[in-house]
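Following: one structure in structure tokens, then a few remarks.
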2 protein chains.
Amino acid sequence: MTDTAPRPTLEAVAARAGVSRATVSRVVNGGDGVRDVLVERVRKAVDELGYVPNQAARSLVTRRHDAVAVVVAEPETRVFADPFFALQLRGISKELTAHDNQLVLLLTEGRDDHARVGRYLAGGHVDGALVFSLHLDDPLPELIQRAGVPTVFGGRPGWSGDRRDVVYVDSDNRGGARDAVRHLAGLGRTRIAHITGALDQTSAADRLDGYRDVMVDADPRLIAEADFTPAGGERAMRELLERCPDVDAVFAANDLTAAGALRVLRARGRRVPDDVAVIGFDDMRPVAEQTDPPLTTVRQDIEEMGRLMARLLLRGLDRDAPREGVGAIPSSVVLPTTLVRRESA
Amino acid sequence: MTDTAPRPTLEAVAARAGVSRATVSRVVNGGDGVRDVLVERVRKAVDELGYVPNQAARSLVTRRHDAVAVVVAEPETRVFADPFFALQLRGISKELTAHDNQLVLLLTEGRDDHARVGRYLAGGHVDGALVFSLHLDDPLPELIQRAGVPTVFGGRPGWSGDRRDVVYVDSDNRGGARDAVRHLAGLGRTRIAHITGALDQTSAADRLDGYRDVMVDADPRLIAEADFTPAGGERAMRELLERCPDVDAVFAANDLTAAGALRVLRARGRRVPDDVAVIGFDDMRPVAEQTDPPLTTVRQDIEEMGRLMARLLLRGLDRDAPREGVGAIPSSVVLPTTLVRRESA
DNA sequence: CGAGCGCACGAGAGCGCTCTCACCACGCTG
DNA sequence: CAGCGTGGTGAGAGCGCTCTCGTGCGCTCG
């Protein structure tokens, strides 16, 4: 745990290269409008001195930080239960890194933290924020929106319906759900059940809507509420078997839930897919490929969602970006899903 | 994606409160040596103006950033496969938040990124770093160490054996492994196998050492190499059953691996724990409680490890901290493990 | 051949803060 | 009553950088 040595400044580089501070600054920032000879000289001095720009000094004048906050509300709930968030984070990280931006991670725990996050964002420490708002009633998104920080949301925020200035990236949950249910119907199944996700999340609500789109007058008893967890899936599957012993297909809100359902089905001696066909959602490989039988599921490209969030945000942040035409003001993106057929349906 | 409004400066607050900049600064930073009347007046002005200190300006002079980098090498490998890292991150986040430090997340992907991370850390953007070095041959830790940034490692780095200046937080992998194997022996098992983790990670190597400590002259065929994944666990378990059909107990390097092993055992008609007793490592609740039967495992407090890493780092960073006596120079910490008995052994 | 222009560079201000130091008004001691 | 702390406050320098502006130079063109 050694302390850092004093670092060379622009001044020092300038002195060594025999030019002015301004010229060094120009070179460091791209070198436009400087003669090649001088560029070379400055570069050499930079290398020899091991000069690294002081970001604080730079930010002070540019008012840019080249840093983006990633806000994750209430990690206890879901985030750390499945790799979903980790994958998005990875996508975000890749994109930010590619554009020399830093990722400041803000995990919030409970209401008190909201104020803290709000203060931090309003404090102008970062250029923008990527926000994962998991719950419909979460006050955080609005709070952030009001802080005036450019923001892209991960997943459609619950209250965004009529707000055109809200930018988010989401999967086509509803469409994917429709595909899944149609596929089950195409298999000749008629008693198709749905195990929902946590319905205070738009993704779960949208998937339920998709289910209903196809099953227009479905028996309401075919819908069992769960929470995206394996345990919830087990519980819901047991309910379902109780209420509707004749169920012949299940569309689960995600793979984890489907895995729980599969366990119950096996325990009750129902064969999958022969007696009951099962479809999940996410295509979380480690889960979907490991179930018995391997899970047919609706694939969404989670890492790509993260990457896209970051890309939209950075584009919105770019001062040089065109304010008109293609890709001007970023607008929300809904990514398509694809059905991945394995053996469970 | 609105832009931020111009924010009030210290100057503005000073003017409004009718004091000097210096006084406002003093109040904002604790208010020592300022009369209560003035403190009040300044506080009021701060509130009314919604003043938030400009961190860049502050860092420029203090040379502190109140930010810590969390470096995760090669996330593809393991990090995103199990919730292990997410839990540590949560612990880290809590501790950093409690001390008003920001968490800058650096995910590296391949060798090129190492240079980038090295440059970033050497660039003095953060006060310290928390590093997860997963592989024995990873050049990153040394690189960071040389960058002169105060660092605490998550897990014992492979090359740290003789370096006293390396600070890390780890679980007592070896001791935990010994406990597990002794427990199996105590159950009367004699053909106790071990499915290793990825042996290029110290945690896996240490657990193997612990196994060997107890099984001093174990049949080498009882050791099967895997990689901390469920699929690896399945593969290793199949090998084991092939090589030593008389195996009556398995100590798996982690819960995920154990879950894989359990699946194979069931498929082969071996009863657990009657025919084969199984113990995992981690006590990853969602995994260990969901297996069939629920998994006996070695518990390590992962979140606490993260919290501790952050605490050690911050303590080392604290200029006011005592340089002598208890808690002076932080030294590595090895956390104890506990055996959690469920039904698999 | 001189006026004009553009390009390359340097001078200098200033971003918002902290921190040292000088100052002043007390109250105390001798 | 002079002298001397002492504690509270303000003035001002300066952290390392960017960016605007002005200057000098070489070039073109009338």
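The structure presented is a predicted model; accordingly, all values stated were derived computationally and were not measured. Below, read A as the first sequence line, B as the second, and so on, with proteins coming before strands; counting in each chain starts at 1.
Looking at B:E95 and B:R307, no side-chain N of the basic residue comes within less than 4.0 Å of a carboxylate O on the acidic one, giving no salt bridge. The existence of a salt bridge linking B:K44 and B:D47 is excluded, since no basic side-chain nitrogen approaches an acidic carboxylate oxygen closer than 4.0 Å. Checked for salt-bridge contact, A:R64 and A:D127 meet the test: a charged N lies under 4.0 Å from a carboxylate O.
Computed from coordinates, the B:N29 CG to C:dT18 P distance equals 5 Å when rounded to whole Å. Taking atom CZ of B:R7 as the reference point, atom C1' of C:dC17 lies 12 Å away to the nearest angstrom. Distance B:L60 CG to D:dT18 C1': 12 Å, rounded to the nearest Å. In this structure, A:D32 atom CG and C:dG6 atom P are separated by 19 Å, rounded to whole Å. When rounded to the nearest whole Å, the span between CG of A:D36 and C1' of C:dA8 equals 12 Å.
Looking at the side chain of B:V61, the nearest of the listed nucleotides D:dC17, C:dT18, C:dC9 is C:dT18. Each of D:dT9, C:dC17, D:dG16 was ranked by its minimum atom distance to the side chain of B:R63; first place goes to D:dG16.
A donor-acceptor contact under 3.5 angstrom links the side-chain atoms of B:R21 to the base of C:dT18. A:R26 contributes a side-chain N or O that forms a donor-acceptor pair with the base of C:dG10 under 3.5 Å.
The main-chain N or O of B:V149 is found under 3.5 Å from a side-chain atom of B:T151 such that the two form a donor-acceptor pair. Panel note: side chain A:D301, backbone A:E304; a donor-acceptor pair is recorded below 3.5 Å. A:D170 places a side-chain N or O within 3.5 Å of a backbone atom of A:R156 that can act as its donor or acceptor partner.
Residue A:S25 places at least one side-chain N or O under 4.0 Å from the OP1 or OP2 atom of D:dT18. At the phosphate of D:dA11, neither OP1 nor OP2 sits under 4.0 Å from any side-chain N or O atom of B:S20. Between A:T23 and the phosphate of C:dG10, there is a side-chain N or O to OP1/OP2 separation shorter than 4.0 Å.
If you find the closest nucleotide of DNA chain D to B:A22 and to B:A57, the one lying nearer the 5' end belongs to B:A22. Along DNA chain C, the nucleotide nearest A:R35 and the nucleotide nearest B:P8 are compared for position; the residue whose nucleotide lies closer to the 5' end is A:R35.
Direction change of the helix axis from one end of the helix from C:dC1-D:dG30 to C:dG30-D:dC1 to the other is 50°, with five pairs defining each end axis (rounded to 10°).
Within a 6.0 Å sphere centred on CG of A:D36, other residues, nucleotides and ligands contribute 12 heavy atoms or fewer.
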